[in-house]
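Reckoned from all heavy atoms, side chains included, excluding hydrogens, waters and symmetry mates.
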Amino acid sequence: ADKQTQIFFFVILFFAVLALNIAMFLPFIGAVVIALTLGSIFSPVYKKILGFFSGKEAISAFITVVVVILIIIIPVAFLGTMVFKEASVLYSIFREGGNESYISNINGIVNSSLHKISPSLSFNVRDAFSKVLDFFVNNISKIFSGISGAAFSLFLALLGLYYILKDGDKLKKVLMSLSPLADEYDEDIFSKLSKTVSSVIRGSLLVALIQGILTGIGFLVFGLPTPAVWGAVAVISALVPMIGTSLVLAPGIIYLFSIGSTGAAIGLLAWGFLIVGTIDNFLRPKLFERGINIHSFFILISVLGGFKFFGAIGFLLGPLLLSLMFALLDIYKKEFKKEVEEIHQH
C-alpha cells in the first residue's frame with residue numbers, strides 16, 4: 001500500500017480507538033474531575049509536605065490524600081447527607097401538598113405586599129421553592145441512589161489524586177511530548193490553566209461554600225427549619241452577582257419577623273451582614289490569582305450549566321471547562337493573535 005493509504009488507515013484507526021477510549025472513560029469522568037481539581041488545589045500542600053519529608057514522593061502524596069479526606073471528604077459527606085435528608089422531607093411535603101408554615105407565612109407576606117401595589121399581582125412562593133427543591137433533590141439523589149457506586153467513584157478519585165500528586169510532573173512531560181504545540185506554549189497552557197482553575201475553585205466556589213455553610217449555621221442558631229437545605233441553596237445563590245446569599249437570608253428574616261421573633265430576625269440580619277457578607281469581601285481577593293479575572297456571572301452559569309449537563313459533578317466540571325476556555329483564550333490573545341492577523345494580511 002502507498003503512503004497515503006497507510007496514513008488514511010492510521011487516522012481512521014486512531015479516531016476509532018480514541019472514541020472507544022472516551023466511551024470507556026466516560027462513566028468515571030466524575031472521579032477524574034474530582035482528582036484533577038483536588039490535585040490543583042492541594043498541590044502547594046503536597047509540595048510543603050514533600051519538602052518536610054526530603055523529597056519522598058509516595059509518603060508525601062499519601063499524607064496529602066489523608067489531609068484531603070479529613071478536611072474535605074468527611075465534612076462534605078456529612079453535610080451532603082444532612083442536605084439530602086432535609087430536602088427529601090421538604091420535597092415530600094410539597095409533593096403531598098402539606099402545609100409548611102415557613103413557606104405559607106412567606107407566601108402570605110409576599111402576596112399581601114404585591115396586592116398593595118396591584119390586586120392582580122401574585123406570586124406562588126410554594127411553586128418557586130418546589131422548583132428549587134426539584135433541582136437539588138434530582139441532582140443530589142444521583143449521588144446517594146447508589147452508595148456502593150458513589151463509594152467506588154470516591155475511591156477512584158482519591159487513588160487518582162495520589163498518582164496526580166506523585167507522578168503529575170511525569171504525566172505533564174508525556175502530554176507535552178505528544179502535543180504538536182511548542183513546549184513553551186504547552187507550559188503556558190498548563191500554568192494558566194492551573195492558575196485559572198485554582199482561582200475559580202478557591203476564589204468563587206470555596207467562598208460560596210463557606211457562605212452557604214455560614215448561612216445554614218445562621219438558620220440553625222436562630223431557629224429556622226431545614227438549615228442544611230437552605231445552606232445548600234445559599235451556596236448557589238452566593239454565586240449570583242450583587243444579590244448573593246440575600247436570596248436565602250431575606251426570606252428567613254421576613255419569616256422571623258412575621259412570627260414575632262423580632263430578636264431572632266435582627267440577629268439573623270446582623271449575622272448575614274457582618275459574618276456572611278464580610279466573607280466575600282475578605283476571602284475572595286486573597287484567594288484569586290493575580291491576572292485571572294472571570295466574572296462571577298459566568299461562573300454561576302457554568303455551575304448551573306454543569307448541573308444541567310453532567311449532574312452533581314457539574315458543580316466542578318462546569319467551572320473547570322470554563323477555566324480551560326478562558327486559559328486558551330488568554331493564550332490565543334497573547335501568543336497567536338498577531339500570527340493569525342499576519343497570515344490574513346499576506
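Side-chain contact between Glu57 and Tyr46 is present, with heavy atoms from C-beta onward closer than 4.5 Å. At a threshold of 4.5 Å between non-hydrogen side-chain atoms, the residues Leu214 and Trp271 count as touching.
With rounding to the nearest 0.5 Å, the separation of CG in Leu165 from CG in Leu38 is 9.0 Å. Between the CD1 atom in Ile59 and the CG atom in Leu50 there is a gap of 11.5 Å [rounded to 0.5 Å]. In this structure, Thr64 OG1 and Ile49 CD1 are separated by 3.5 Å, a value rounded to the nearest 0.5 Å. In this structure, the separation between CG on Leu247 and OG on Ser237 is 5.5 Å, given to the nearest 0.5 Å.
By the neighbour-count criterion of 12 heavy atoms within 6.0 Å, atom CG of Asp169 is sparsely surrounded, having that number or fewer from other residues, nucleotides or ligands. Taking a 6.0 Å sphere around CZ of Phe25, one finds it holds 12 or fewer heavy atoms contributed by other residues, nucleotides or ligands. Heavy-atom contacts from other residues, nucleotides or ligands closer than 6.0 Å to CZ of Phe62 number 12 or fewer.
Cluster annotation: Leu220 and Met82 are assigned to distinct hydrophobic clusters (Ile/Leu/Val/Met/Phe/Trp/Tyr, side-chain heavy-atom contacts under 4.5 Å, transitive). Leu206 and Ile279 fall within the same hydrophobic cluster, where Ile, Leu, Val, Met, Phe, Trp and Tyr residues are linked whenever their side-chain heavy atoms come under 4.5 Å apart, directly or through other members.
Hydrophobic cluster of Leu20: no remaining members, since no ILVMFWY side chain lies below 4.5 Å from it. Hydrophobic side-chain contacts under 4.5 Å tie Leu36 into a cluster, directly or through other members, with Val32, Ile164. In this structure, Phe9 belongs to a hydrophobic cluster whose other members, linked by side-chain heavy atoms under 4.5 Å apart, are Leu13, Val17.
The two residues Ala157 and Ala35 have their closest heavy-atom pair at O-CB, 3.4 Å. Residues Phe222 and Leu256 approach most closely at O-CD2, 3.7 Å, considering heavy atoms. Nearest heavy atoms, Pro227 versus Phe219: CB-CB, 3.8 Å. Contact between Gly212 and Ala234 at its shortest, heavy atoms only, is CA-CB, 3.9 Å. Nearest heavy atoms, Gln211 versus Gly277: NE2-CA, 4.5 Å. For the pair Thr245 and Ala238, the tightest heavy-atom approach, listed with the atom from each and the gap, is CG2-CB, 3.8 Å.
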Side-chain donor-acceptor contacts of residues 70-80 below 3.5 Å, not counting sequence neighbours, with atom names and distances?
none

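Applying the side chain to side chain contact (heavy atoms under 4.5 Å, CB included) test to Leu18 and every residue at least two apart in sequence or in another chain returns Phe14, Phe15, Ile22. Applying the side chain to side chain contact (heavy atoms under 4.5 Å, CB included) test to Thr278 and every residue at least two apart in sequence or in another chain returns nothing. With sequence neighbours excluded, the residues forming a side chain to side chain donor-acceptor pair (under 3.5 Å) with Lys172 are Glu187, listed by chain and number. In this structure, Leu26 has no side chain to side chain contact (heavy atoms under 4.5 Å, CB included) partners at least two apart in sequence or on a different chain. Residues passing the side chain to side chain contact (heavy atoms under 4.5 Å, CB included) test with Phe28, sequence neighbours excluded: Phe152, Leu156.
Among residues at least two apart or in separate chains, salt bridge (Lys or Arg N to Asp or Glu O under 4.0 Å) pairs with a member in residues 157-168 are Asp167-Lys170.
The side-chain contact (heavy atoms from CB on, under 4.5 Å) with Leu268 is formed by just one residue from the set Val276, Thr215, Leu249; it is Leu249.
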Candidate pair Phe53 and Ile63, rule side chain to side chain contact (heavy atoms under 4.5 Å, CB included), full reasoning: CA-CA 11 Å; Phe53 283 96; Ile63 291 172; 3.3 Å; yes

Check against side chain to side chain contact (heavy atoms under 4.5 Å, CB included), Tyr255 and Leu224: CA-CA 9 Å; Tyr255 168 73; Leu224 284 158; 3.2 Å; yes

